[in-house]
Amino acid sequence: MIIRINELSDVPIYMQIRNQIVMGISGGELAAGEQLPTVRALALEMGINTMTVSKAYQLLKTEGYIMTDRKNGARVRMEIQKQATISDANKTELRRIVSEARISGVPKLEIIELVDEYYGKS
């Protein structure tokens, strides 16, 4: 999986890394148990500070997406706990996105189709 950073984004770099790893896990690009690059290797590859990558990994660990240890580094968790709820922060973000789409004249059906595409049709 290739992580791409948008230097012009208002989203902090550590959150961009976190978000792309979460999307990689959800989309199957990162498999359960898969080894992630070391903090140092990813920082060097992306040309960013190691503390930025470390912050992203710590957040992913806290959220239960990855596990880390000094010997084996960071890996995607074999079992990610299913909470079956949307966090308040994600509800707020979704509301913002839907509001912007509505103001821009995007039809509701288009939003629903995007959700189906991103979630994976059952």
Side-chain angles (χ1 to χ4, degrees):
M1 178 181 158
I2 297 173
I3 297 175
R4 291 187 174 81
I5 297 304
N6 179 354
E7 298 282 341
L8 303 176
S9 174
D10 290 336
V11 177
I13 292 173
Y14 80 94
M15 280 301 288
Q16 291 183 49
I17 295 168
R18 177 253 179 226
N19 293 344
Q20 289 185 46
I21 290 174
V22 169
M23 287 187 284
I25 293 169
S26 174
E29 293 176 73
L30 292 171
E34 186 169 337
Q35 181 79 42
L36 296 175
T38 65
V39 167
R40 184 170 288 147
L42 187 56
L44 185 62
E45 178 183 324
M46 297 176 71
I48 60 175
N49 191 297
T50 57
M51 294 303 292
T52 302
V53 177
S54 181
K55 188 172 182 178
Y57 279 16
Q58 279 303 117
L59 182 57
L60 288 160
K61 181 179 178 180
T62 300
E63 294 173 335
Y65 294 112
I66 67 171
M67 55 190 174
T68 62
D69 67 55
R70 293 187 188 274
K71 186 176 180 181
N72 297 314
R75 292 184 178 278
V76 176
R77 289 185 68 83
M78 294 300 289
E79 289 287 326
I80 296 174
Q81 185 178 1
K82 311 285 190 230
Q83 296 188 4
T85 60
I86 298 174
S87 71
D88 289 340
N90 284 340
K91 286 178 186 177
T92 299
E93 182 67 7
L94 181 59
R95 184 174 184 178
R96 182 195 60 77
I97 291 166
V98 169
S99 296
E100 288 179 10
R102 187 178 336 131
I103 290 169
S104 298
V106 176
K108 181 178 178 180
L109 183 58
E110 188 173 332
I111 298 295
I112 292 169
E113 288 171 353
L114 284 172
V115 169
D116 283 344
E117 177 183 334
Y118 297 154
Y119 199 89
K121 294 182 180 180
S122 303

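Among residue pairs with one or both ends in residues 27-37, those qualifying as side chain to side chain donor-acceptor pair (under 3.5 Å) are Gln35-Arg75; sequence neighbours excluded.
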Enumerate donor-acceptor pairs with a distance under 3.5 Å from any side-chain N or O in residues 2-11 to protein atoms, sequence neighbours excluded.
from: Asn6; atom 1: OD1; to: Leu8; atom 2: N; distance (Å): 2.9
from: Asn6; atom 1: OD1; to: Ser9; atom 2: N; distance (Å): 3.4
from: Ser9; atom 1: OG; to: Val11; atom 2: N; distance (Å): 2.9

Can you give me every donor-acceptor pair (side chain of residues 42-51, partner residue at least two apart or in another chain, under 3.5 Å) with its distance?
from: Asn49; atom 1: OD1; to: Met51; atom 2: N; distance (Å): 2.7

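Going from atom CD1 of Ile25 over to atom CD1 of Ile80 covers 4.5 Å, rounded to the nearest 0.5 Å. In this structure, OH in Tyr57 is found 13.5 Å from CE in Met67, a value given to the nearest 0.5 Å.
Between Gln58 and Tyr14, every side-chain heavy-atom pair lies at or beyond the 4.5 Å cut-off. Side-chain contact between Leu60 and Thr68 is absent, with no heavy-atom pair separated by less than 4.5 Å. Ile17 has its side chain out of reach of Lys55: every pair of non-hydrogen atoms, C-beta onward, lies at least 4.5 Å apart. Side-chain contact between Glu117 and Leu114 is present, with heavy atoms from C-beta onward closer than 4.5 Å.
When every heavy atom of Ile111 is checked against every heavy atom of Ala101, the shortest pair comes out as CD1-CB, 3.6 Å. Here the closest heavy-atom approach between residue Arg77 and residue Ile66 is recorded as CG-C, 3.5 Å.
Cluster annotation: Val39 and Ile13 are assigned to the same hydrophobic cluster (Ile/Leu/Val/Met/Phe/Trp/Tyr, side-chain heavy-atom contacts under 4.5 Å, transitive). A single hydrophobic cluster is not seen to contain both Val76 and Leu59; linkage of ILVMFWY side chains at heavy-atom distances under 4.5 Å, directly or through other members, places them apart. When hydrophobic clusters are built by joining Ile, Leu, Val, Met, Phe, Trp and Tyr residues whose side-chain heavy atoms come closer than 4.5 Å, directly or via intermediates, Ile97 is not grouped with Val115.
Other residues, nucleotides and ligands contribute more than 12 heavy atoms inside 6.0 Å of the CD atom of Glu100. In the displayed structure, Ile112 atom CD1 is contacted under 6.0 Å by more than 12 heavy atoms of other residues, nucleotides or ligands.
Between the Ser99 side chain and the Arg95 main chain, a donor and an acceptor come within less than 3.5 Å of each other.
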